[in-house]
Amino acid sequence: MKTSTFSTLKKPFLLRRLLALTCAFLSVMILFAACSDDDEPCPAQHPQVAVCLKNQTNSWRTALSYYATNQLESKGLTYATYVAKDKTQQANQIRMALEAGCQILVVVPEGIGKEALDFAFSAGIPVIMFEDGVTDGYTALVQGDNAAAGKNAAGYIASKGAVHVVAFKITQDPASSDARVGAFTEELKSKSPSTRLTTQTLSLYTSADGKEAAARILAGDPSVDAFYAQDDEVASGVIEAISESGRTDIKVVVGCGGSQAFLSLILSTTVTDVATTLYSPSMITKCVDLADDLLKGKAIEEKQIVMPATVVNKGNAGEYQDSNSPY
């Protein structure tokens with residue numbers, strides 16, 4: 001009887017146990033299937049925050065994931081991350097995130113339009129945009145400040161007593177370039193009316209383009225004594241050209257971004273004074289902070305938040321170094 005009783009009870013128990021394990025397995029498989037389509041796996045089935053990123057075509061974009069993830073984990077939030085190769089995929093990822101039960105969306109838009117976000121808006125899901133607002137309806141927008149980057153760079157260069165400054169315009173991203181150089185020009189005229197300003201146009205935000213243009217300028221115009229490269233990669237090429245030229249009269253080179261490689265260059269370069277203005281991917285941590293506030297029931301007071309373009313030189317570069325950052 002004892003054995004018979006045990007057998008009678010054990011079989012339903014094992015069946016229930018097996019059924020539970022099977023359901024759990026299927027749930028996990030469904031979760032990861034929902035987050036496939038060339039996306040990173042979702043760490044949570046019902047994420048509090050979903051972060052939808054652009055295609056990681058450069059170190060700046062790759063670092064967005066690094067900074068966002070670190071901030072999410074430091075706050076103990078469950079999250080899902082997605083990386084889109086185009087606007088169609090990002091629209092699908094936004095839908096997937098909402099279907100997974102996310103409570104807040106952080107979106108770095110990859111060309112998407114209003115229709116991609118309408119589902120979130122109509123469901124009352126807060127949307128925090130980064131860089132580009134795309135359309136009305138978002139809860140908050142966090143942006144860098146290209147105009148302030150140019151203005152602050154001009155103030156720094158003027159303080160070094162530059163006589164003839166070359167500013168690079170870059171056609172790869174005309175909107176950012178025009179905003180930076182336009183504000184730079186206006187502020188330099190205000191701060192140092194006697195300083196001569198020449199603009200040169202480059203095609204790409206690359207070290208090679210910066211080096212080639214600067215080498216030509218340094219060889220052909222002895223009056224040039226400062227460069228506004230308006231990008232860290234371009235600025236690194238300018239510094240290399242200065243070093244190879246043998247000229248010791250260049251007063252300052254200013255970039256923009258705040259990359260880890262350039263911060264190291266700021267601290268190590270001896271051929272001239274080097275600085276940058278911050279336009280860092282770490283700005284996305286502000287989006288995570290806002291998401292955390294919303295989850296805690298706090299109201300967002302500012303709908304549009306512009307991050308400061310702080311000047312970084314030898315005096316404060318160490319404060320912004322992070323050996324683990326991709327940018």
Side-chain angles (χ1 to χ4, degrees), residues 58-60 149-173 176-177 180-181 183-185 187-189 191-192 194-280 309-318 320-321 327:
N58 54 46
S59 59
W60 196 93
K151 179 179 179 179
N152 294 345
Y156 189 80
I157 288 176
S159 73
K160 301 299 175 179
V163 173
H164 183 181
V165 183
V166 173
F168 289 131
K169 289 186 175 182
I170 303 171
T171 58
Q172 181 181 354
D173 183 0
S176 296
S177 176
R180 291 174 187 174
V181 176
F184 177 86
T185 301
E187 184 69 4
L188 188 66
K189 287 179 179 178
K191 294 281 187 184
S192 183
S194 63
T195 300
R196 180 182 170 192
L197 174 62
T198 300
T199 58
Q200 294 278 321
T201 300
L202 306 183
S203 298
L204 301 171
Y205 283 101
T206 66
S207 176
D209 276 35
K211 180 180 179 180
E212 181 183 356
R216 185 172 60 251
I217 292 165
L218 291 165
D221 195 337
S223 70
V224 171
D225 61 354
F227 287 87
Y228 177 44
Q230 63 114 347
D231 174 75
D232 287 351
E233 279 292 312
V234 176
S236 66
V238 172
I239 292 164
E240 190 175 351
I242 294 170
S243 180
E244 292 180 4
S245 74
R247 285 184 56 172
T248 59
D249 60 324
I250 305 303
K251 293 183 173 67
V252 61
V253 175
V254 179
C256 181
S259 72
Q260 296 303 310
F262 199 69
L263 293 177
S264 295
L265 199 57
I266 287 173
L267 294 170
S268 63
T269 299
T270 58
V271 295
T272 186
D273 182 26
V274 182
T276 191
T277 51
L278 288 184
Y279 198 96
S280 170
T310 306
V311 174
V312 180
N313 60 10
K314 275 186 169 63
N316 61 348
Y320 300 96
Q321 288 186 304
Y327 177 88

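These numbers come from the heavy atoms of this one structure, side chains and all, not from hydrogens, waters or symmetry mates.
- Put simply, the side chain of S192 never gets that close to the backbone of A158: no donor and acceptor are under 3.5 Å apart.
- Smallest separation of non-hydrogen atoms from V224 and R247: O-NH2, 2.7 Å.
- Between L188 and A154 the shortest heavy-atom distance is N-CB, 3.7 Å.
- In this structure a side-chain-to-backbone donor-acceptor pair under 3.5 Å is present from D225 to V163.
- The closest donor-acceptor contact from the side chain of E233 to the backbone of F262 lies at 3.5 Å or more, if one exists at all.
- Using a 4.5 Å heavy-atom threshold, the side chains of T272 and V274 count as touching.
- Looking at N58 and Y205, their side chains never bring a donor and an acceptor atom within 3.5 Å of each other.
- A donor-acceptor pair under 3.5 Å is absent between the side-chain atoms of K251 and the main chain of I157, judged by distance alone.
- Without hydrogens or angle criteria, T185 side chain to V181 main chain gives a donor-acceptor distance under 3.5 Å.
- The OH atom of Y279 sits 13.0 Å away from atom CG of D232, with the distance rounded to the nearest 0.5 Å.
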Side chain to side chain contact (heavy atoms under 4.5 Å, CB included) evaluation trace for T198 with D221: CA-CA 11 Å; T198 300; D221 195 337; 5.8 Å; no
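- For the residue pair R180 and Q230, the shortest heavy atom distance occurs at NH1-O, 2.8 Å.
- Here the closest non-hydrogen pair linking Y228 and V165 is N-CG1, 4.2 Å.
- Residues F168 and D231 form no side-chain contact, since every pair of their non-hydrogen atoms from C-beta on lies 4.5 Å or further apart.
- Atoms NZ and OG, on K211 and S243 in that order, are 9.0 Å from each other to the nearest 0.5 Å.
- The minimum heavy-atom distance linking T269 with I239 is given by the pair CG2-CG2, 3.8 Å.
- At distances below 3.5 Å, at least one donor-acceptor pair connects side-chain atoms of S245 with backbone N or O atoms of I242.
- In this structure, Y156 and N313 have side chains that are in contact, with non-hydrogen atoms separated by less than 4.5 Å.
- Listed for the T276 side chain is a donor-acceptor partner under 3.5 Å among the backbone atoms of C256.
- Contact between L204 and D209 at its shortest, heavy atoms only, is N-OD2, 3.2 Å.
- Put simply, the side chain of S264 reaches to within 4.5 Å of the side chain of Q321, judged on heavy atoms.
- A 4.5 Å side-chain heavy-atom check between T201 and T171 finds at least one atom pair inside the cut-off.
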